[in-house]
Protein chains: 2
Amino acid sequence: MPADTPPTSKDVAAAAGVSQSTVSMVLSGKWPGRVSERTAQKVRAAAERLGYRPNPAARNLRLGRTRTIMLVIPTITAPFFASVHLGAARVAAEHGFSLVVFTWPLEPGGPFDGPQEAIDGMLASSMAEATLAGMRRPVPLVMLDSDPAGTAPTVNFDIDGAMRDLTGHLADLGHHRIGHVAADIDVWTFQCRAAALAARVPDVVTERAAISFTTGFEAATRLLTRHDRPTALVCDDDTLAVGAYKAARALGLDVPGDVAITGFDDMLLAEALELTTVRLPAEQLGARAMLGLLDLLNGRTPPRPVLPAELVIRRSTSPSAPLTTDGHTEPAARTAS
Amino acid sequence: MPADTPPTSKDVAAAAGVSQSTVSMVLSGKWPGRVSERTAQKVRAAAERLGYRPNPAARNLRLGRTRTIMLVIPTITAPFFASVHLGAARVAAEHGFSLVVFTWPLEPGGPFDGPQEAIDGMLASSMAEATLAGMRRPVPLVMLDSDPAGTAPTVNFDIDGAMRDLTGHLADLGHHRIGHVAADIDVWTFQCRAAALAARVPDVVTERAAISFTTGFEAATRLLTRHDRPTALVCDDDTLAVGAYKAARALGLDVPGDVAITGFDDMLLAEALELTTVRLPAEQLGARAMLGLLDLLNGRTPPRPVLPAELVIRRSTSPSAPLTTDGHTEPAARTAS
DNA sequence: CTGAAAGCGCTTACAG
DNA sequence: CTGAAAGCGCTTACAG
């Protein structure tokens, strides 16, 4: 008996005094009616005793599948995508799948010209389906936070509903002139925000910015130095909202007294600066997408859920909140869900 | 020729008019001196034409390895660990390895009782080596941000040097009474901060807190309501520092006028709130660790690098900065490196 | 220089 | 109810 090499089903068979194929039958759970309970017992005991774990490479080769799913995201360092990953990985693990992350195509310095591993399916978030074309042999695919008009099933947020709540909230506060700090990335999720906002605020003025504090700062500064200065800035995500917040402060404007500011995502940043924002349930997005992919792999038609996105009202839009000179307030208010 | 099944080396062999073993030789790059240039040419052309990719499962089975590395981290949603992941994944990909993330043991609701996949090596960050015991068959391991006294090679930050710079900076500003908002997680990286701080500030007063805004807020409040109120709060990470910042504001204290505040990590949060902090190069940590693991897998002894951690001075410790009532300042100052 | 063969560890007909 | 055998697609001695 080899000492430092993992036990194989053959070793288990020898230990249990049965054939290797019987071991396989028993351990794969297909034995009832084909193997006696007594034999199954022996096999399980031997496997346990030896610490046997089936060799995944052998199984994959035999079965022609890998139980590996690739998650394609623009970046792993944005908390939003880290949460998507978490949700997807959890569901994957619960079903015996593993998840590899592929950051593409935006990650600076990414070394990939394409993923190396063989995969059974793919999840891709916040990008155009066409982006994935020619990437590899086609496998079942679910798109997240992406254009539902594509061919792949999607899991999305109710951006439109969120924008309705958000513009309604701003209207209630008496805001007429709205500025939009828009992400200058040409993907559906941001197009969707722009369309939903324009539908409700036809005279919205827009400035585009890459997603960073400084670019958000600059875009917001352009908006806030117009002669018809907006009284509210709707930002496409929390990072841009932080930039906008700083821009307002730099211009000597009070938030929310002179200008209201909102974001999207509800990451730690928004909580730290007490920004009103739309909470996008990223972890749930990842989980539901993985569930949909599992459906696809089992030949079922997955649902195409649209997840509710909750408006989280905090100080940056609450003129009624007790203002202090330094901007601190009591714990953040939340809308009832 | 099967239409929808991936081409195998046998298909390539048929197309090139050679044997399957020759295809393997050529494509694995071991052919020079064993196969003629002309034959190699033909094989490569055929492989290209058919879009051949070797089946990883077959290769893994034959070779007895997986080229898969497991990265064990407490959570993927903390930006610090997302950056570690990014650095490690990049190096892994450059060397044809893939990386799977295993969040353990802290992720709430994590479904794992252990990883499923077969792996060639393991990277584990910010935990005790003993935590990993019994988790699986032993494989080469590199520990990150962890006790260098363990048996596994480590990659670490120069926490001690950073603390020296930090306490020096605070001393220069005239701070005598220092409070420590300490993470109440019993791992080396935080023990290290405590020891380095206590060595330089023997009368430091400490409050412990779980890593969150609210717990940081509470711990800082306890420190700031002492009769001998600290004039500076050193926090174990940026999240705690945000909580401390809010606590100071809630007590009507000016930052940095009444109390200076510092963090660790230099995540987006710190930049957004303009907190002085120690920048821990997380991505580099991941990359260097992966490199070390590669050494280990190749039978070499990896170095045990200690990465410099830079003090980033921002408004929260800069009484000389132009203060506005709302806390905004000019772009963050940085120490020369 | 090239090919036929063995074998990695499984799963699944197939035979008894 | 149980086992012997084939075969998934590779890599690597081994033979020529």
Side-chain angles (χ1 to χ4, degrees), chain A residues 1-2 4-44 46-47 50-68 96 116-118 120 137, chain B residues 1-2 4-44 46-47 50-68 96 116-118 120 137:
Chain A
M1 181 193 301
D4 62 344
T5 198
T8 69
S9 59
K10 219 156 141 185
D11 299 327
V12 177
V18 300
S19 76
Q20 185 267 332
S21 49
T22 298
V23 171
S24 180
M25 283 270 74
V26 171
L27 264 24
S28 65
K30 312 209 174 98
W31 60 277
R34 299 148 115 318
V35 175
S36 74
E37 172 59 45
R38 222 182 83 71
T39 305
Q41 212 64 264
K42 278 194 302 186
V43 169
R44 279 191 299 255
L50 297 182
Y52 170 71
R53 307 263 237 130
N55 178 319
R59 171 180 276 170
N60 291 344
L61 177 58
R62 177 61 229 243
L63 264 20
R65 46 103 174 122
T66 62
R67 291 190 95 74
T68 295
Q116 353 258 302
E117 43 268 310
D120 285 347
R137 199 173 315 290
Chain B
M1 179 195 296
D4 62 344
T5 199
T8 68
S9 60
K10 219 158 145 184
D11 299 328
V12 176
V18 300
S19 78
Q20 185 268 334
S21 50
T22 299
V23 171
S24 181
M25 282 268 78
V26 171
L27 265 24
S28 66
K30 315 210 172 100
W31 60 278
R34 302 148 113 318
V35 175
S36 74
E37 171 61 45
R38 223 180 80 73
T39 304
Q41 211 64 264
K42 279 194 300 185
V43 169
R44 277 191 298 254
L50 297 182
Y52 170 72
R53 308 263 235 130
N55 179 320
R59 171 179 278 169
N60 291 344
L61 176 57
R62 178 60 230 242
L63 263 21
R65 46 103 173 123
T66 61
R67 291 188 94 74
T68 295
Q116 352 261 300
E117 45 267 310
D120 286 347
R137 198 173 314 289

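Chain identifiers are assigned alphabetically (A, B, ...) following the order of the sequence lines, protein sequences preceding nucleic acid strands; residue numbering begins at 1 within each chain.
Atom pair A/K10:NZ and C/dG7:C1' shows a separation of 9 Å (rounding to whole Å applied). The distance from atom CZ of A/R67 to atom P of D/dC8 is 22 Å, rounded to the nearest whole Å. In this structure, B/N55 atom CG and C/dC10 atom P are separated by 17 Å, rounded to whole Å. Protein atom CG of A/L27 is 13 Å distant from nucleotide atom C1' of C/dG9, rounded to whole Å. Remark: C1' of D/dG7 and CG of A/L63 are 13 Å apart, rounded to the nearest angstrom. The separation between A/L50 atom CG and C/dG9 atom P is 14 Å, rounded to whole Å. The interatomic distance linking B/N60 (CG) with D/dC8 (C1') rounds to 14 Å, in whole Å. The distance from atom CZ of B/R65 to atom C1' of D/dC10 is 11 Å, rounded to the nearest whole Å.
By the 4.5 Å heavy-atom criterion applied to side chains, A/N55 and A/T8 are not counted as neighbours.
Remark: A/T22 is in phosphate contact with D/dG3, judged by side-chain N or O atoms under 4.0 Å from OP1 or OP2. Phosphate contact (OP1/OP2 of D/dG9, side-chain N/O of B/T8, threshold under 4.0 Å): absent. Applying the 4.0 Å criterion to OP1 and OP2 of C/dT11, one finds that A/R59 has a side-chain N or O inside that range. Distances shown here put a side-chain N or O of A/S24 below 4.0 Å from the OP1 or OP2 atom of C/dT11.
Map B/L61 and B/V35 each onto its nearest nucleotide of DNA chain C; the residue landing nearer the 5' end is B/V35. Each of B/A58 and A/Q20 has a nearest nucleotide on DNA chain C; the 5'-most of these lies closest to B/A58.
Candidate nucleotides D/dG7, D/dC10, D/dC1 were compared by shortest atom distance to the side chain of A/T39, and D/dC1 ranks first. When distances run from any side-chain atom of A/R62 to the nucleotides C/dG3, D/dG3, C/dG9, the shortest one goes to C/dG9. Listed nucleotides D/dC1, D/dA4, C/dA4 differ in distance to A/S36; the shortest reach to its side chain belongs to D/dC1.
Atom CD of B/Q20 and atom CE of B/M25 lie 11.0 Å apart (nearest 0.5 Å). Distance check, rounded to the nearest 0.5 Å: OG1 of A/T66 to CG of A/N60 gives 6.0 Å. A/S9 OG to A/R59 CZ: the interatomic distance, rounded to the nearest 0.5 Å, is 10.5 Å.
Between A/V18 and the options A/T39, A/V12, A/V35, a side-chain contact (heavy atoms from CB on, under 4.5 Å) holds for only A/T39.
Pair assignment for D/dA15: C/dT2, on the basis of Watson-Crick or G-U wobble contacts that are both within less than 3.5 Å.
When heavy atoms are screened at a 4.0 angstrom cut-off, B/S9 is found touching the sugar-phosphate backbone but no base atom.
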